[in-house]
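The next block holds one structure in the form of structure tokens; read it before the comments.
The sequence lines fix the lettering, A, B, ..., with proteins before strands; numbering per chain opens at 1.
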Amino acid sequence: MLELDRVEARYGAISVVRGVSLTVAGGEIVGLIGPNGAGKTTTLLTIMGEVPCAGGVVRLRGKAISGLPTEATVRRGIALVPEGRHIFANLTVAENLRLGLAGRQSRDGLDADMDWIHGLFPVVGQFRERPAGALSGGQQQQLAIARAMIAAPTVLLLDEPSLGLAPSVIDTVLGALSDIRARGVAILLVEQRAQLIAGFADRTHVLSNGRIRMSLTPDEAQDTDRMIAAYLA
Amino acid sequence: MSRLAPIRPLLAPVLLIVLVTLVGSLTSTATQQNFITALVSVTIVIGLYVFMGNSGVISFGQVSFVAIGAYAAGELTIPTGPKHYVLPGLWSFIAEHSVGNLPSLAIAAGLGALYALVVGLPLMRLSGLSAGIATFAVLEITYNLLTFWPKIAPQSGQTLSLVPTTTGLTQAAAGAIVAAVVAFAYQRSRRGRLLRASREDQSAALAIGVDIHRERLIAFTLSGAVSGLAGGLLVHQIGSITPSQVYLELTFLTLAMLVVGGTGSLWGATVGAVLVSLLDSYLNQAENGLHLGLFKLTLPSGAADLILGVLLTAMLVLRPRGLTGGREWQLGRPRVSKIRSASAMSYLGRGRARR
Amino acid sequence: MQTIQAIIDAIAVGALYALVAVGLALVFGVMRLINFAQGELITAGAYSLYLTRNLPLVVSIVVCFVVCVALAVAIERVAFRPLRGASPATTLVATFAVAFALEAVWLIAFTPQGKTADLLSALNRTATHGSLHLRWVTITELVAGVVLLGGTVLVLNRTTIGLHMRAAASDFRAARLLGVRADRVIRAAFAMSGFLAAVVSLLLTVQQPLVTPTFGLDVTILALVGAVLGGIDRLATATAGGFLIGFISSILGDELPASLSNFAPSFTFLVVILVLLIRPAGLLAPLGQSGVDRV
């Protein structure tokens, strides 16, 4: 579904992503972990076209999409749940959801999708008319994922969805991701908490200094020594 | 060259000023005015740069200091005899004293500094848009008072005339060089460095104990002095002044000169002022017919401003960071490209999410 | 009675300034750009009224709207779109430069002499009620102000493009990451500001039918000052600020004794400075908010 082929990105003279290659198939969750400043967020922003792709190519269903502006990327079916959620605090929950429609290609099946999303995140229906800023952090995270799903993406990118959330809320979020995966969506999940993801994802890549140092299966991910070695590499 | 390295940022602007002066001295008397105007513009724009370039805060009020300098220098150099006649309502202190050219320039600079200090004392607490609007309010008030207060200026915005025309090429060049030296000395001083640090990162500067209010006030006062001096040069160039000559259009033009040159450097201020001022002068001259070798170019009235406006827009679109990119002159030195934001976090975090 | 008259007049002037302030705030909201060229839109509308003075009134008015909206959108496309992301000082000077160039166009096309556009001069007739004399234009200004402000709020709150504009105003990057199209949102903001400028030029030509190249400049500058005074980053506070400054300057112009009336601008701007010193983020901004650190 989504394929990164030796993708590079830089800020000014500083190279941040240096030839990252990975694939995410439909119905798959791929984890991307690594220390601060490894280039995880930049990788996601490069996929979105928010940071220019300085080398290599990003493909969606075999077609190159690097070079497209962000808005067009979203319309092709890639949604990002950004770090810090970026909920519009002064808009209501319902309005935040409606914004997700901006990236949706057609209205076909919207009602069914809405029902499914409300089933997945009851919170979103419960507080429809509240300003989104009044929600708790966990509720905002659910709203952000719900908003991304309104666009009916084929690929979902998430940037540190667990940040600042209580363990029980993290379980809810991960549960929802499993349901989304079951729908055939390709999920690329960026996290700093390695142990959280490595067991959950179908495959986990360790990013450090802009390169993929290691790729782990769920079984290998339990091997703490290898993980530490990868981080320190 | 290495011994010159520390003063290189001063050398380039001074050389440009000297070049403008030399070229100007070879032209006819009428054309020479364009070069004098360019040199006076350099002085005004350096005045603007001393504050805006170092603090990063926009000011629409700088031309008020030019205005104060111009009126002070003008009124004080008109001989007392005719002064009573042309300026009947003037404050008796100004009416009864007259000074020579150089003292009048010194007084212009001093009054410019004093006015900036008084205004800046409360206003330098502001930043961003509110600072812009507040300094604009100062410009409006200055304009209003100079138009309607007969104790300080001719009645109802009439022309202040009979001012001795003592600003020739040499004096204009000297003034511009003085301005450049002052600006350079300030930006290299400890005070100037502190202010520039606060421009780059306000919270970091606050955290290491920089008193931003005080540093901005110092720069503002200094820029008031340079602007006042420029006003003195201006009035002695034209021989007369009206409030509308030191109002919106001059404010816009001098801001455009600074931004087109590059807000962050003395070199940018000088280049922008020389270029835009000469362009403006020649375009205006062309409206009355400009001889270009064999051709005589005559533009319709208003075309000069149109061309200038379009060219300025084009320059800004093509070089948003100014012609010099806000750098000092760097001939023969490797260029270090500036990294604006090195992390993805700051890249994303710039959007304002209010909670 | 005279006081009531002065107050009603001042409210009408305030409504006019509020409309200009709304146009400025809409563009500022999505682009963080102070559009000085807004005044030139008003001037353009007024000149179009002059040019079409012999056509039927309806045609003339429609042309005025088309001219203002088209010019607003064109300015954005040509001058401001390439400058997205440039420093505030650069974009600000660019809006100056555009205004400067347009003013020169008016000068070349129409000469500095005023051109008379008095299509709606019928509105200058007065409606008398007791000892109260109201010009129809005063009433029109009030109605237009209320209707257009209401309309703007409706567009922002009830339409998709309005929702996108509000989202873009609070976090442009996040809105784009959701697929909100930046170009479309910004174009919409400029088109709306052009629409409002057309209304302002219609109303302003009733009060001062003589159109000069600087016709729209003064009202724009004062409205901008008012918008910042109220708080330009919110539509409501910017509007209220615009209204307030129009109201105050009208009252000061009417009520100051003759010896001081020349100094009305000084008083107005002194008040502006005092307000900014006390409330840098705007008179009506929520408590504790610091100034918009832009420009």
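- Two residues are said to be in side-chain contact when any heavy atoms from C-beta on lie closer than 4.5 Å; A:T70 and C:L177 meet this criterion.
- Checked by atom type and distance alone, the side chain of C:R166 never pairs as donor or acceptor with a backbone atom of A:L91 at under 3.5 Å.
- Among all heavy-atom pairs drawn from A:H86 and C:A174, the shortest one is CB-CB, 3.7 Å.
- The closest side-chain heavy-atom distance from C:V180 to A:L99 is below 4.5 Å.
- The candidate with the highest count of non-hydrogen atom pairs below 4.5 Å against chain C, out of A:A102, A:A72, A:P69, is A:A102.
- With a 6.0 Å radius and a threshold of 12 heavy atoms from other residues, nucleotides or ligands, A:R128 has its CZ atom at or below the threshold.
- The residues C:R184 and A:E71 are annotated as not salt-bridged, no charged nitrogen and carboxylate oxygen being separated by less than 4.0 angstrom.
- Closest approach of C:A175 to A:F88, counting heavy atoms only: N-CZ, 3.7 Å.
- Taking CD1 of A:I87 as the start and CG of C:D171 as the end, the distance is 10.5 Å to the nearest 0.5 Å.
- For A:R98, the parts lying near chain C are the backbone and the side chain together; criterion is any non-hydrogen pair under 4.5 Å.
- To the nearest 0.5 Å, the span separating OG1 on A:T73 from CZ on C:R176 amounts to 9.5 Å.
- Surrounding CZ of A:R76 are at most 12 heavy atoms belonging to other residues, nucleotides or ligands under 6.0 Å away.
- Heavy-atom neighbours of C:F195 CZ from other residues, nucleotides or ligands within 6.0 Å: at or below the threshold of 12.
- One finds the OG1 atom of C:T160 at 11.0 Å from the CD atom of A:E95 (value rounded to the nearest 0.5 Å).
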